[in-house]
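Notes follow the structure.
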Amino acid sequence: MLARLMLCSCLLAAPAVAAEPEVLAERARTLRKILYENMLPFWYPQSIDKQHGGYRLNHDIQGVYQGDSPKYLVTQARMLWFFSRLYRSGLGDTRHLEAARHGYEFMRDALWDSEYGGFHWAVDVKGKQATMADRHLYGQAFGLYALSEYALASDDIEAKKLAETHFALLEERAHDKQYGGYIEYFRRDWSHAPADSMTFFYTTPATKLMNTHLHLMEAMTSYYRLTRDPLARERLIELIQIQSNAVWRKRHGACTDGYQLDWTPLTGRWYGLVYYGHDIENVWMLIEALDGAELSKGPFRDFMRRMWDYGLEKGYDHEQGGFFYTGRLGQPAGRKNKVFWVQGEAMLSALHMYKLTGKTHYFEYFSDILRWIDVHQVDWENGEWFEEIDVQGRAKGVKAGEWKAAYHHGRAVMECLLILQDVQREKLSP
């Protein structure tokens, strides 16, 4: 602990513990540099596929485009969300709203299934044929999330109507009225997949994932903000209960990912792993969900604190900063690689916790993680963030692909800038 506090004392040329206006301003300058000098030049305009529609997402570790590839719902939706949020937050401009419109049209015309409803998991590069047509609620959640954010940013009535159609479909086909939450995997026509079939996540169709329901919660938060639909609020509250109770292994203070339909924890395989990024991400998404549902955060503070305490004890690198990837439940981290999205989500979560509680050690961790990102995760030579830094400090992975887009870390940088603005205003107000 002493070593970590000593490290925090020199982060980014200013002591983090004070969180004084000049320190806040310094952190904001670092984040703005990352957003405008590292990330945006990589994603805009080169990710825009002007020939076929949607976004081009097939770039190697140097950022070199590797040619045409299928277009996946998850990352197409993530890019649509990113450009929409960039514009709506005031951190972007009309060029980025147009980039969002470009992505929305591809989702509407190519990924949306006009026959059965819902989104295909993947289509070919031209958007003419579904290459993976089964439905997984993880992907459907990102479809709803992206539509909702785009409709909020653009005031596009058509996009709002498509989001409403999609929500109604998920309610009719996938909501689990008996146990709560959602059934996750279906065939293209929304029929139930055979019990012995394998989902895109190598689980059975009878498996519920903490990760899927986490992203359903974020999608429902945005959808309710868009529509103020009372049923959406009911579902949002249900997902808040799931993410703060059903998937929480209370004896340990952490979450695991796999559950039976009745929320009995699964064991064996990878089901006993704690993904530190998901747990810490869950904290700030619950804060946003509670705000969205207009519920008090007070009863959830102990849960949030315990989740952070577990992650710091088992999964945090107190020497260099940042979170490791995974560890067995109740044990120290086993996979000690540093993955880009984990660092982004943890940075944002720490700043949320500082704003919520006023406890300066959360600001210290925010600063600690930001330092790691700035020095190690950001590729200042070729643009964007390295997907992974292994335990030897070597960069691995791709810059853009089936799973990697501008979503986790792009959101983290944007939302941190907005929170810092709020905190600065609060400190300067009489």
Side-chain angles (χ1 to χ4, degrees), residues 31-59 63 65 69 71-112 119 123 125 127 139 141-160 162-163 166 215 218-219 221-223 225-226 288 340-341 344-345 348 383-385 398-418:
L31 289 164
R32 284 184 174 276
K33 181 179 179 182
I34 292 172
L35 178 61
Y36 294 118
E37 297 181 28
N38 171 257
M39 299 187 70
L40 265 181
F42 180 87
W43 296 108
Y44 183 87
Q46 76 159 328
S47 68
I48 311 298
D49 188 342
K50 296 180 179 179
Q51 182 179 4
H52 302 304
Y55 306 105
R56 303 191 315 162
L57 302 169
N58 186 26
H59 297 71
Y65 185 59
S69 63
K71 289 175 175 164
Y72 293 89
L73 167 60
V74 171
T75 39
Q76 292 294 312
R78 286 173 170 179
M79 292 302 300
L80 169 56
W81 182 92
F82 172 74
F83 284 122
S84 299
R85 182 59 179 149
L86 184 66
Y87 175 77
R88 191 166 76 90
S89 69
L91 295 169
D93 56 39
T94 54
R95 295 173 301 164
H96 306 118
L97 181 61
E98 183 56 34
R101 174 71 185 179
H102 179 84
Y104 164 69
E105 290 174 349
F106 187 82
M107 286 194 61
R108 178 196 65 195
D109 299 338
L111 281 162
W112 179 260
F119 292 100
V123 296
V125 67
F142 277 103
L144 184 63
Y145 189 41
L147 288 175
S148 299
E149 184 60 34
Y150 174 69
L152 285 165
S154 65
D155 292 323
D156 188 319
I157 296 175
E158 179 195 65
K160 181 182 178 183
L162 185 56
H166 191 33
H215 293 295
E218 76 174 337
T221 301
S222 290
Y223 179 74
R225 284 175 170 154
L226 170 68
E288 283 291 312
F340 80 103
W341 69 264
E345 298 293 0
L348 176 55
E384 230 313 89
W385 295 21
V398 300
K399 291 291 175 59
E402 178 181 355
W403 295 101
K404 190 172 187 293
Y407 156 73
H408 284 286
H409 52 321
R411 175 176 62 188
V413 171
M414 290 189 290
E415 299 303 325
C416 281
L417 280 168
L418 298 176

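Counting begins at 1 with the first residue of the sequence.
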Residue pair Leu97, Phe83: steps toward the side-chain contact (heavy atoms from CB on, under 4.5 Å) verdict: CA-CA 6 Å; Leu97 181 61; Phe83 284 122; over 6 Å; no
Once you round to the nearest 0.5 Å, how far does [atom1] of [X] lie from [atom2] of [Y]?
X: Glu218; Y: Leu144; atom1: CD; atom2: CG; answer: 10.0 Å
X: Thr75; Y: Trp403; atom1: OG1; atom2: CH2; answer: 8.5 Å
X: Arg101; Y: Thr94; atom1: CZ; atom2: OG1; answer: 15.0 Å
X: Lys160; Y: Ser148; atom1: NZ; atom2: OG; answer: 10.5 Å
X: Ser47; Y: Lys399; atom1: OG; atom2: NZ; answer: 14.5 Å
X: Leu35; Y: Lys33; atom1: CG; atom2: NZ; answer: 13.5 Å

Heavy-atom pair with the smallest gap, counting every atom of [X] and [Y]:
X: Ser84; Y: Ala100; value: OG-CB, 3.4 Å
X: Leu152; Y: Ser222; value: CD1-O, 4.1 Å
X: Tyr44; Y: Ala99; value: CE1-CB, 4.0 Å
X: Leu31; Y: Cys416; value: CD1-CB, 3.7 Å
X: Met414; Y: Ser89; value: SD-OG, 4.4 Å
X: Arg78; Y: Ala405; value: CB-CB, 4.1 Å

4.5 Å side-chain heavy-atom contact, [X] and [Y]:
X: Met107; Y: Leu73; answer: yes
X: Lys404; Y: Phe340; answer: yes
X: Leu57; Y: Trp43; answer: yes
X: Gln76; Y: Val123; answer: no
X: Arg32; Y: Leu91; answer: yes
X: Asp93; Y: Tyr87; answer: no

Who pairs with Arg225 by side chain to side chain donor-acceptor pair (under 3.5 Å), at least two apart in sequence or on another chain? Glu288
Qualifying residue, where the test is ring pair (Phe, Tyr, Trp, His ring centres under 6.0 Å) with Phe142 and the options are Tyr407, Trp81, Phe119: Tyr407
Please name the residue in the list Trp385, Phe82, Trp341 that meets the ring pair (Phe, Tyr, Trp, His ring centres under 6.0 Å) test with His409. Trp385
Give a yes or no answer on whether the side chain of [X] reaches the backbone of [Y] with a donor-acceptor pair at less than 3.5 Å.
X: Asn58; Y: Gly401; answer: no
X: Arg56; Y: Lys50; answer: no
X: Tyr55; Y: His102; answer: no

Could you walk me through whether Phe42 and His59 satisfy the ring pair (Phe, Tyr, Trp, His ring centres under 6.0 Å) test, starting with their C-alpha distance in whole Å, then the side-chain angles of each, then the deciding distance to 0.1 Å, before giving a yes or no? CA-CA 10 Å; Phe42 180 87; His59 297 71; 5.5 Å; yes
Could you walk me through whether Glu149 and Arg411 satisfy the salt bridge (charged side-chain N to carboxylate O under 4.0 Å, His left out) test, starting with their C-alpha distance in whole Å, then the side-chain angles of each, then the deciding distance to 0.1 Å, before giving a yes or no? CA-CA 12 Å; Glu149 184 60 34; Arg411 175 176 62 188; over 6 Å; no
In sequence, state the C-alpha distance, the side-chain angles, and the governing distance for Val125 and Lys71, and then conclude on side-chain contact (heavy atoms from CB on, under 4.5 Å). CA-CA 6 Å; Val125 67; Lys71 289 175 175 164; 4.0 Å; yes
Ring-ring centroid check Tyr145 His215, cutoff 6.0 Å: no
Step by step, work out the side-chain contact (heavy atoms from CB on, under 4.5 Å) result for Leu147 and Tyr223. CA-CA 8 Å; Leu147 288 175; Tyr223 179 74; over 6 Å; no
Taking the six-membered ring for Trp, are Tyr104 and Tyr150 parallel (under 30°), tilted (30 to 60°) or perpendicular (over 60°)? parallel
